[in-house]
Amino acid sequence: MTNLADYPLLAQINSPKDLRNIPQDQLPRVSNELRRFLLNSVSKSSGHFASGLGTIELTVALHYVYNTPFDHLIWDVGHQAYPHKILTGRRDQLHTIRQKDGLHPFPWREESEYDTLSVGHSSTSISAALGLSVAAEKEGLNRRTVAVIGDGAMTAGMAFEALNHAGDIKKDMLIILNDNEMSISENVGALNNHFARMLSGSLYTGIRESGKRLLNNLPPIKELASRAEEHLKGMVVPSTFFEELGFNYIGPIDGHDVNGLVDTIKNMRSLKGPQLLHIATKKGKGYQAAEQDPIKYHAVPKFNPSEDSLPKSKPSLPTYSQIFGDWLCKTAEIDKKLVAITPAMREGSGMVEFSQRFPDQYYDVAIAEQHAVTYAAGLAIGGQHPVVAIYSSFLQRGYDQLIHDVAIQNLPVLFAVDRAGIVGADGATHQGSFDLSFLRCIPNLVIMAPADERECQLMLNTGHKSLSPSVVRYPRGNGTGETLPSVNEVIEVGKGRIIIEGQENTTKLAILSFGTMLAEAQKAALALGATLVDMRFIKPLDVQLIDKIQSSHDVIVTIEDNAIAGGLWLSSK
């Protein structure tokens with residue numbers, strides 16, 4: 001537990017109501033204490049870090065101005081919501097975050113009345129906020145709605161769909177665009193480049209430099225013009241983008257000036273119609289190491305804040321993500337038509353080396369899973385060999401495209417589905433517990449689940465050489481130390497293998513294992529004298545092998561890292 005005597009103002013804040021009783025001129029002190037508290041707590045417990053440091057002042061300002069929880073505050077994704085949890089009655093439980101029976105890693109409705117929307121995936125905030133603003137209008141109690149979305153999340157199509165609708169129906173709501181030039185990886189895409197071009201383009205810079213020359217001999221006016229320079233940016237950007245969508249645009253303003261934020265948000269709170277406030281922040285603000293490397297400090301293990309680097313993990317076996325990245329590089333060396341696609345998860349999917357060595361074969365499409373899948377379909381039709389690297393829970397967002405644009409057309413797209421099954425501390429929104437169920441019903445799709453890293457690469461080889469769409473689903477975590485195959489080795493599609501022949505006994509038991517739980521299944525099989533089968537393929541199932549097992553065993557048990565409904569459970573004989 002943290003000693004609250006070190007945080008005299010923060011110690012008084014058990015709810016936003018307490019925060020609103022503090023004089024506004026004390027808010028910089030509150031922000032400073034909140035930043036120190038976050039650093040002290042997360043360094044001891046681990047968790048998401050750099051994003052929260054970047055939203056300290058914004059969080060303070062929002063809860064200071066708005067009457068939360070009556071007014072609705074929605075955080076997009078929620079990596080940045082730790083300060084929000086601290087100010088909304090969960091300060092003393094923050095050290096339990098991402099632990100069993102502890103705080104949820106993201107805003108979660110069941111945890112707090114201040115968490116308006118349960119989140120975990122990006123770009124949902126504007127849609128939900130618009131729905132809440134319509135409901136508030138019908139309610140007639142003057143309830144306000146605010147959505148906070150990062151510039152990375154703004155690259156997703158869902159955000160644009162919501163912006164378009166909000167600008168059309170013109171309900172009262174505020175969207176805060178938290179622009180830190182980062183999501184998890186560096187931001188990519190035309191929108192991000194658009195902001196940079198507009199703020200550094202000839203129109204803005206020409207007006208600025210001409211104004212400086214004109215006012216150079218008039219110091220008081222020159223000083224006034226200098227102060228107005230940021231406002232000039234706000235005159236250029238909205239006419240080209242947000243105001244065309246129907247929003248009243250303000251900004252960009254300093255997202256670390258808490259009093260400036262309070263004053264601006266107070267003014268905007270009373271404005272009618274859809275409003276957009278563009279703030280500039282720095283991910284990792286206030287902790288130099290996180291400012292310099294916000295990707296590394298996005299989510300951290302336990303660390304010593306007085307040291308300049310995170311602790312080095314003990315040498316271990318490569319993760320499945322690293323194994324995939326290694327396969328990608330080896331295969332690209334001999335296949336110049338291989339192209340790899342990621343929806344803004346280069347680091348998490350093990351693609352850093354590939355992106356550096358094969359930049360012309362690497363595509364980060366930003367947070368746009370639907371586009372990623374159909375883009376791969378186009379590449380396949382054009383004769384390229386696309387590989388889509390995507391988390392299991394993110395593939396859900398491209399489901400329609402997977403069916404219509406890839407599978408029905410029987411296009412040879414390989415999906416490397418990472419984080420399949422239970423992934424741990426990130427909670428329900430990130431568990432890959434449904435992909436076996438939602439993929440099995442799709443026509444033409446081959447679905448593979450490796451038992452170890454050797455099988456993982458064999459299956460990637462097989463999928464890459466296939467003329468049909470295929471999926472290799474693998475978990476978060478490390479391999480077992482198996483020797484890796486060459487990039488030319490493949491396995492027969494739809495064929496499993498018997499690992500252990502069961503002992504003769506009264507009741508003959510067979511265990512059918514799908515995926516990386518084979519090692520644990522082997523322990524059970526040896527203890528029970530059971531037959532153990534590594535099924536390898538979820539689709540097509542090895543029906544011939546299953547018939548053989550069923551005819552010679554009394555009980556069949558399946559082991560699969562997936563929800564039961566729609567999974568591979570087989571009834572006993």
Side-chain angles (χ1 to χ4, degrees), residues 42 45-49 51-52 69 72-82 84-85 88-90 93-125 127-129 131-132 147-150 153 156 158 183-184 298-300 320-321 343-345 348-349 367 369 390-399 402 417-440 449 473-477 514-517 559-569:
V42 176
S45 67
S46 77
H48 297 117
F49 183 55
S51 298
H72 288 141
L73 173 58
I74 299 174
W75 297 94
D76 205 280
V77 186
H79 294 131
Q80 73 276 48
Y82 286 24
H84 161 79
K85 288 178 182 275
T88 54
R90 290 166 279 181
Q93 289 79 46
L94 191 68
H95 68 283
T96 70
I97 203 160
R98 302 174 88 233
Q99 299 171 25
K100 188 176 185 296
D101 300 323
L103 292 182
H104 197 281
F106 305 107
W108 200 246
R109 283 173 54 81
E110 296 175 11
E111 183 176 284
S112 172
E113 62 179 337
Y114 292 93
D115 293 356
T116 306
L117 178 72
S118 296
V119 294
H121 291 188
S122 83
S123 316
T124 63
S125 60
S127 297
L132 283 162
V148 180
I149 185 168
M158 184 175 178
S183 49
I184 297 176
H298 169 73
V300 294
Y320 280 90
S321 302
M345 293 304 295
S349 295
I367 302 174
E369 294 89 354
I390 192 167
Y391 287 10
S392 172
S393 60
F394 298 166
L395 181 58
Q396 295 164 185
R397 310 182 89 178
Y399 191 57
L402 175 58
V417 179
D418 202 337
R419 276 28 174 215
I422 301 300
V423 302
D426 280 340
T429 57
H430 281 56
Q431 308 304 339
S433 302
F434 308 103
D435 57 81
L436 294 187
S437 300
F438 72 69
L439 291 173
R440 284 185 67 208
R473 54 106 65 179
Y474 47 88
R476 181 177 189 172
F514 296 83
T516 54
M517 290 191 292
I559 296 181
E560 54 196 274
D561 199 358
N562 188 73
I564 293 175
L568 296 158
W569 177 82

Checklist outcome for this item: Closest non-hydrogen atoms of Gln80 and Ser51, given as atom of the first, atom of the second and distance, are CB-O, 3.7 Å
Checklist entry - His298 versus Phe49: any side-chain heavy-atom pair under 4.5 Å? => result no
Item to check | Set of residues satisfying ring pair (Phe, Tyr, Trp, His ring centres under 6.0 Å) with respect to Phe394, sequence neighbours excluded | outcome: His121, Tyr391
Checklist outcome for this item: The side-chain contact (heavy atoms from CB on, under 4.5 Å) partners of Ala299 (sequence neighbours excluded) come to His48
Next on the checklist: Taking side chain to side chain donor-acceptor pair (under 3.5 Å) as the definition, give me every residue that meets it alongside Ser437, ordered by chain and number, with sequence neighbours left out.
Outcome noted: Asn562
Checklist outcome for this item: Contacts of Glu113 meeting salt bridge (Lys or Arg N to Asp or Glu O under 4.0 Å) (sequence neighbours excluded), chain-then-number -> none
Checklist entry - Would you say Lys85 and Ile97 make side-chain contact, with heavy atoms under 4.5 Å? => result yes
Next on the checklist: Is the shortest side-chain heavy-atom distance between Met345 and Ile390 below 4.5 Å?
Outcome noted: no
Next on the checklist: Restricting to side-chain contact (heavy atoms from CB on, under 4.5 Å), what partner residues turn up for Phe434, sequence neighbours left out?
Outcome noted: Gln396, Phe438, Ala563
Item to check | Distance-minimising heavy-atom pair for Pro475 and Tyr320 | outcome: O-CB, 3.6 Å
Item to check | Minimum heavy-atom distance between Ser123 and Ala153, given as atom pair plus value | outcome: OG-O, 2.8 Å
Checklist entry - With Ser125, which residues qualify under side chain to side chain donor-acceptor pair (under 3.5 Å), at least two apart? => result Asp76
Checklist entry - Do Thr124 and Leu117 come within less than 4.5 Å of each other through their side chains, counting heavy atoms only? => result yes
Item to check | Any donor-acceptor pair under 3.5 Å from Ser45 side chain to Thr96 backbone | outcome: no
Item to check | N-O pairing of Arg90 and Asp115 below 4.0 Å | outcome: yes
Next on the checklist: Going by side-chain contact (heavy atoms from CB on, under 4.5 Å), name the residues that satisfy it together with Ser321, two or more places apart in sequence or in a different chain.
Outcome noted: Thr319, Asp418, Arg419
Checklist entry - Hey, is the main chain of Gly424 close enough, under 3.5 Å, to the side chain of Gln431 for a donor-acceptor pair? => result yes
Checklist entry - Is there a side-chain contact between Val77 and Ile149, using heavy atoms and a 4.5 Å cut-off? => result no
Checklist entry - Hey, what do you get for CG (Leu436) to OG (Ser392), rounding to the nearest 0.5 Å? => result 8.0 Å
Checklist entry - Under a 4.5 Å cut-off applied to non-hydrogen side-chain atoms, are Asp561 and Thr516 in contact? => result no
Next on the checklist: The criterion is side-chain contact (heavy atoms from CB on, under 4.5 Å); which residues satisfy it with Ile559, sequence neighbours excluded?
Outcome noted: Ile511, Met517, Ala521
Item to check | Smallest separation among heavy atoms of Ile422 and Ser433, with atom names | outcome: CD1-OG, 3.5 Å
Next on the checklist: Tell me which pairs pass salt bridge (Lys or Arg N to Asp or Glu O under 4.0 Å) where either residue lies in residues 96-105, with sequence neighbours left out.
Outcome noted: Arg98-Asp426
Next on the checklist: Go through it in stages, so that I can follow the logic: the residues are Glu369 and Ser122, the test is side-chain contact (heavy atoms from CB on, under 4.5 Å), and I'd like the CA-CA distance, side-chain angles, deciding distance and then a yes or no.
Outcome noted: CA-CA 11 Å; Glu369 294 89 354; Ser122 83; 5.6 Å; no
Next on the checklist: Checking Ile74 against Val148 for the side-chain contact (heavy atoms from CB on, under 4.5 Å) test, could you report, in this order, the C-alpha distance in whole Å, the side-chain angles of both residues, the deciding distance, and whether it holds?
Outcome noted: CA-CA 6 Å; Ile74 299 174; Val148 180; over 6 Å; no
Distance-only criterion, 3.5 Å: show the donor-acceptor pairs between side-chain atoms of residues 103-110 and protein atoms not counting sequence neighbours.
from, atom 1, to, atom 2, distance (Å)
His104, ND1, Phe106, N, 3.0
His104, ND1, Phe106, O, 3.3
Arg109, NH1, Thr116, O, 2.9

